[in-house]
2 protein chains.
Amino acid sequence: MLKISELGSRTGLSPHTIRFYEKHGLIKASERSESGYRYYNDSDVRRAEFVKTARNIGFSLDDIGQLLSIRVDKTAHSCQEVTDITRHKLDEVNAKIAELQSMQKTLQLLLDSCCGGPEQAIHCSIMEALEDGNVDASGAAKAHKTVLGKRAKS
Amino acid sequence: MLKISELGSRTGLSPHTIRFYEKHGLIKASERSESGYRYYNDSDVRRAEFVKTARNIGFSLDDIGQLLSIRVDKTAHSCQEVTDITRHKLDEVNAKIAELQSMQKTLQLLLDSCCGGPEQAIHCSIMEALEDGNVDASGAAKAHKTVLGKRAKS
DNA sequence: CTTGACCTTAGAGTTGGCTCTAAGCTTATA
DNA sequence: TATAAGCTTAGAGCCAACTCTAAGGTCAAG
Ligand SMILES: [Zn+2]
Ligand SMILES: [Zn+2]
Ligand SMILES: [Zn+2]
Ligand SMILES: [Zn+2]
């Protein structure tokens with residue numbers, strides 16, 4: 001039976017994150033000590049590792065919840081349900097890639113047009129393109145709200 | 001002189017968003033009526049359109065702020081400053097694309113391995129891969145926090 | 001028997017870019 | 001003149017997935 005920080009070092013999730021996942025129904029400690037400490041058995045650890053793997057792939061916590069409910073009774077669920085979740089995620093990823101590639105293309109064109117030198121930006125072609133709005137940004141408009149965030153840790 | 005909703009329909013930004021941008025220093029109404037209504041002149045409109053174009057490309061509001069401060073005095077800034085901002089953005093975009101492509105690859109492999117049929121998920125290869133953690137998710141781990149958000153409107 | 005590492009909880013804060021609400025004032029139209 | 005549409009403000013809420021804080025309880029080592 002592992003304590004929360006031991007589960008943390010085994011899975012690479014912080015105790016904070018483990019409690020957060022518990023609050024959202026993803027992970028549970030099958031036992032608690034009298035003083036309230038969480039204790040995780042092998043089955044709990046396997047579930048937590050499943051969550052970690054799914055998260056690393058990029059599934060949302062909501063997706064992971066669905067995958068977990070399939071996991072607890074596989075006879076009640078089909079391969080199709082699993083592929084539906086996976087394909088939906090892949091569709092999202094593909095859409096996002098397309099948006100980012102549109103941004104990439106636009107930014108590259110802008111960079112190619114500008115000398116990038118130390119002279120005054122008076123005739124800078126990037127500035128001119130932005131002024132004139134003659135920028136091929138089709139597809140990029142929807143892309144950038146949350147496109148460039150990061151997660152710090154593993 | 002345009003009122004805020006007129007500037008909105010000209011630029012495709014909502015009045016709410018215009019006020020939000022004003023609060024963040026991107027856009028200003030050069031005049032106010034006695035009753036406090038914002039009035040935008042041609043120069044204001046051009047600035048707002050610049051902001052809209054830059055936003056559509058994918059620049060952050062912070063980036064746009066920097067571009068705007070170059071715009072107001074181009075003699076005091078160089079092409080290099082402009083390309084630095086642009087290149088930095090391109091680097092972010094490229095990094096994000098790489099992460100998403102890693103996710104894409106993993107998801108595609110999972111999908112290829114599963115029959116996707118109506119039978120019970122007992123021997124589902126996607127579930128097995130998630131259980132075993134033998135999933136090639138290198139690079140995807142950092143990717144997904146904010147990767148799949150959306151902005152609704154233009 | 002004290003130190004320090006670890007555990008508990010509820011709840012607030014972070015990020016970026018909006019998006020909306022409430023409560024009230026102004027303006028245009030019929 | 002009445003009604004509706006539009007404007008003002010400060011400030012709250014939203015999204016996801018954490019991340020941290022405060023204030024306290026627990027436990028093993030020396
Ligand atoms: Zn130049
Ligand atoms: Zn230039
Ligand atoms: Zn199957
Ligand atoms: Zn399957």
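In what follows, every chain begins at residue 1, and chains take the letters A, B, ... in the order their sequences are listed. Since the model is a prediction, treat every value here as computed from it, not as a measurement. When reading the values below, keep in mind they use all heavy atoms of this one structure, side chains included, and skip hydrogens, waters and symmetry mates.
For A:Thr17, the side-chain atoms get nearest to D:dC18 when compared with the rest of C:dC7, D:dC18, D:dC7. Among C:dG11, D:dA17, C:dT19, the nucleotide with an atom closest to any side-chain atom of A:Lys23 is C:dG11.
In this structure, CZ of B:Phe20 is placed 14 Å from P of C:dT15, rounded to the nearest angstrom. The distance between atom CD of A:Glu22 and atom C1' of D:dA17, rounded to the nearest whole Å, is 17 Å. Atom CZ of A:Phe59 is separated from atom P of D:dA16 by 17 Å (rounded to the nearest Å). Atom C1' of nucleotide D:dG6 and atom OH of B:Tyr39 are separated by 10 Å, given to the nearest angstrom. Atom pair A:Leu7:CG and C:dC7:C1' shows a separation of 14 Å (rounding to whole Å applied). When rounded to the nearest whole Å, the span between NZ of A:Lys96 and P of D:dA16 equals 13 Å. Taking atom NE2 of residue A:His16 and atom P of nucleotide C:dC6, one finds them 13 Å apart after rounding to whole Å. B:Met1 has its CE atom 20 Å from the P atom of D:dG6, to the nearest Å.
Residue A:Tyr21 has a polar side-chain atom (N or O) positioned under 4.0 Å from OP1 or OP2 of D:dC18. Side-chain N/O atoms of A:Ser5 include one lying less than 4.0 angstrom from OP1 or OP2 on C:dC7. Dashed line: the shortest gap from a side-chain N or O of B:Arg55 to OP1 or OP2 of C:dC18 is under 4.0 Å. For the OP1/OP2 pair of D:dC7 and a distance below 4.0 Å, the side-chain nitrogens and oxygens of B:Arg38 include no atom meeting the criterion.
Listed by first then second residue, pairs satisfying salt bridge (Lys or Arg N to Asp or Glu O under 4.0 Å) with a partner in residues 123-132 of chain A read A:Glu131-B:Arg71, A:Glu131-B:Lys74, not counting sequence neighbours. The salt bridge (Lys or Arg N to Asp or Glu O under 4.0 Å) contacts involving residues 104-116 of chain B comprise B:Lys105-B:Asp136, where partners must be two or more places apart or lie in separate chains.
Side chains of A:Thr86 and A:Thr83: a donor-acceptor N/O pair is absent below 3.5 angstrom, by distance only.
In this structure A:Asp91 satisfies the side chain to side chain contact (heavy atoms under 4.5 Å, CB included) test together with A:Arg87, sequence neighbours excluded. With sequence neighbours excluded, the residues forming a side-chain hydrogen bond (donor to acceptor under 3.5 Å, both in side chains) with A:Asn41 are A:Ser30, listed by chain and number. Residues meeting the side-chain hydrogen bond (donor to acceptor under 3.5 Å, both in side chains) test with A:Arg19, sequence neighbours left out: none.
Cluster note: A:Tyr39 groups with A:Met1, A:Tyr37 through ILVMFWY side-chain heavy atoms spaced under 4.5 Å, whether in direct contact or through intervening members. The hydrophobic cluster containing A:Leu109, built from Ile/Leu/Val/Met/Phe/Trp/Tyr side-chain heavy atoms closer than 4.5 Å, comprises no other residue.
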Detail all sub-3.5 Å separations between protein N/O atoms and N/O atoms belonging to nucleotides 26-29 of chain D.
{"residue": "D:dT26", "atom": "O4'", "partner": "A:Tyr37", "partner atom": "OH", "Å": "3.3"}
{"residue": "D:dC27", "atom": "OP1", "partner": "A:Ser35", "partner atom": "OG", "Å": "3.3"}

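Between A:Phe20 and A:His24, the gap from one ring centroid to the other is short of 6.0 Å.
Within residues 24-32 of chain B, no residue places a heavy atom under 4.0 Å from DNA chain C.
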